[in-house]
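In this chain, numbering begins with 1 at the start of the sequence shown.
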Amino acid sequence: MEYDLDFSSYNKIKRMTNEELADLWNKYFENKTDKSLRDALILQYIYLTRYVVGRVKVALPPTFSYEDISSYGVEGLIDAVEKYTPRMGARFETYALVRIRGNIIDKVRSQDFLPRSVRRKIRDVKEAQEELKKQYGRAATNTEIANYLGIEREKVEQLLADDTTITSIYDKKGASDGDIEIIDTIEDSHNLAPHEELEEKDVKKELEGALKRLPERERTIMVLYYHENMTLKEIGDTINVSESRVSQLHAQAIMKLKNLLSENRTERLKKSII
């Protein structure tokens, strides 16, 4: 597939109104073979690519340039435009962010910068790790792995350090649905006491319940601002409203959440008294 679009200047792209954009989507859905319609949609949403590229948090080898990552993001955006349908039940922006981020990570992971001989030795170390784990019922030390393979401990440590396979902290440790994500296995040096952890869970549960009671647009703003770390201006571009309006809706959402959470605490207090 050829990508001959010119994305050299984001600022020169004229943003369409909501009505114009909806009309463009309708025309594209009627005739997906029209490349000009597809390209026009891509240009309208290219800012999503810049947003994701600017927030990619992976340790990349120096051979990766900003242009490389940007091109991977554009490919993800193009794929999103070509495959999107309103029947999915999600806003295009939400769907596209996932496709863009996913394509970047997939492309990075597909690159292998180690010689085959080194990659083979890394595989031997990992196989030794699994075998010794079965024998000992625990993770083997680097010294035990070295003795098992008949090499120096320093060599084992170097091979493990050379393993540049890109992984996401949100990958699952196993293949089944019940397996936990890597992020859940990372030790927190600031662990809460049991009663503090229980209280925090209650607060999160109340907050999730309160968020669900917000109007959809206000809930979207809260998610984009606090979860996706988007600025008010970026959120405005995403939902097609002014930055000042986003600020106003954000303030309204905060006030509603405070009232909802206060209401929940009052009800809980009444039950405890009864």
Side-chain angles (χ1 to χ4, degrees), residues 1-58 60 63-111 166 168 216-221 223-225 227-246 249:
M1 185 179 296
E2 295 294 329
Y3 306 129
D4 54 1
L5 298 172
D6 179 13
F7 303 118
S8 58
S9 176
Y10 293 97
N11 296 328
K12 294 180 181 179
I13 298 173
K14 181 180 179 182
R15 295 299 304 277
M16 293 182 174
T17 64
N18 290 346
E19 292 74 16
E20 291 172 334
L21 195 54
D23 183 58
L24 180 59
W25 271 114
N26 289 333
K27 290 179 180 178
Y28 180 64
F29 288 142
E30 293 174 359
N31 182 17
K32 285 198 169 186
T33 62
D34 191 332
K35 186 172 177 293
S36 64
L37 294 175
R38 185 205 68 170
D39 291 353
L41 283 169
I42 293 170
L43 286 174
Q44 289 300 306
Y45 292 103
I46 194 64
Y47 69 91
L48 294 175
T49 298
R50 182 173 56 171
Y51 167 74
V52 174
V53 170
R55 288 161 176 76
V56 171
K57 304 296 184 182
V58 292
L60 297 175
T63 49
F64 275 108
S65 67
Y66 179 85
E67 289 72 22
D68 291 331
I69 303 303
S70 295
S71 67
Y72 300 155
V74 170
E75 289 178 13
L77 175 61
I78 293 173
D79 187 56
V81 170
E82 292 179 341
K83 294 181 178 179
Y84 177 71
T85 169
R87 291 193 299 273
M88 293 177 174
R91 286 173 53 85
F92 174 76
E93 291 86 349
T94 303
Y95 174 70
L97 285 172
V98 174
R99 303 293 300 188
I100 293 168
R101 185 182 294 111
N103 194 68
I104 291 175
I105 298 301
D106 288 344
K107 289 289 186 178
V108 171
R109 286 174 172 169
S110 68
Q111 306 296 321
I166 304 297
S168 167
E216 181 180 357
R217 187 158 64 167
E218 292 179 10
R219 185 167 63 249
T220 299
I221 289 174
V223 170
L224 293 178
Y225 187 76
H227 183 69
E228 296 293 341
N229 295 319
M230 294 177 69
T231 66
L232 296 181
K233 185 178 187 306
E234 289 172 333
I235 295 173
D237 290 339
T238 301
I239 65 176
N240 293 313
V241 299
S242 67
E243 182 178 356
S244 60
R245 179 56 177 161
V246 173
L249 290 170

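In this structure, the separation between CG on N31 and CG on N26 is 13.0 Å, given to the nearest 0.5 Å. Put simply, NZ on K35 and OH on Y28 are 11.0 Å apart, with the number rounded to the nearest 0.5 Å. Residue T49 holds its OG1 atom at 10.5 Å from CD of E75, rounded to the nearest 0.5 Å. Here the straight-line distance linking atom CD of E93 with atom CG of N240 works out to 6.5 Å at 0.5 Å rounding. Residue Y225 holds its OH atom at 14.0 Å from CG of L249, rounded to the nearest 0.5 Å. With rounding to the nearest 0.5 Å, the separation of OG1 in T238 from NZ in K233 is 10.0 Å.
Evaluation of the side chain to side chain donor-acceptor pair (under 3.5 Å) rule for R245 yields Q248 as partners, not counting sequence neighbours.
Looking only at side-chain heavy atoms (C-beta outward), E216 and T220 come within less than 4.5 Å of each other. Using a 4.5 Å heavy-atom threshold, the side chains of L224 and E234 count as separate. For the pair I104 and V52, the minimum side-chain heavy-atom distance is below 4.5 Å. When side chains are defined from C-beta on, R38 counts as touching I78, because their heavy atoms get closer than 4.5 Å. No side-chain heavy atom of D106 sits less than 4.5 Å from a side-chain heavy atom of Y72.
Nearest heavy-atom pair across L48 and A96 is CD1-CB, 3.9 Å. Of all the heavy atoms in D237 and R15, the pair that sits closest is O-NH2, 3.4 Å. Shown here for L21 and Y45, the closest heavy-atom pair between the two residues is CD2-OH, 3.1 Å. Of all non-hydrogen atoms in M16 and Q44, the two that sit nearest each other are N-OE1, 2.9 Å. Contact detail for F92 and L77: the closest heavy-atom pair is CZ-CD1, 4.1 Å. For the residue pair I239 and R91, the shortest heavy atom distance occurs at CA-NH2, 3.8 Å.
We find that D23 and K27 are joined by a salt bridge, their nearest charged nitrogen and carboxylate oxygen being less than 4.0 Å apart.
Ring geometry for Y84 against F29 counts as tilted: the plane angle lies between 30° and 60°, on a 0 to 90° scale.
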For this session: Please test Y51 against L97 for side chain to side chain contact (heavy atoms under 4.5 Å, CB included), starting from the C-alpha separation and ending with a verdict.
Result: CA-CA 9 Å; Y51 167 74; L97 285 172; 3.7 Å; yes
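More than 12 heavy atoms of other shown residues, nucleotides or ligands fall within 6.0 angstrom of atom NZ in K32.
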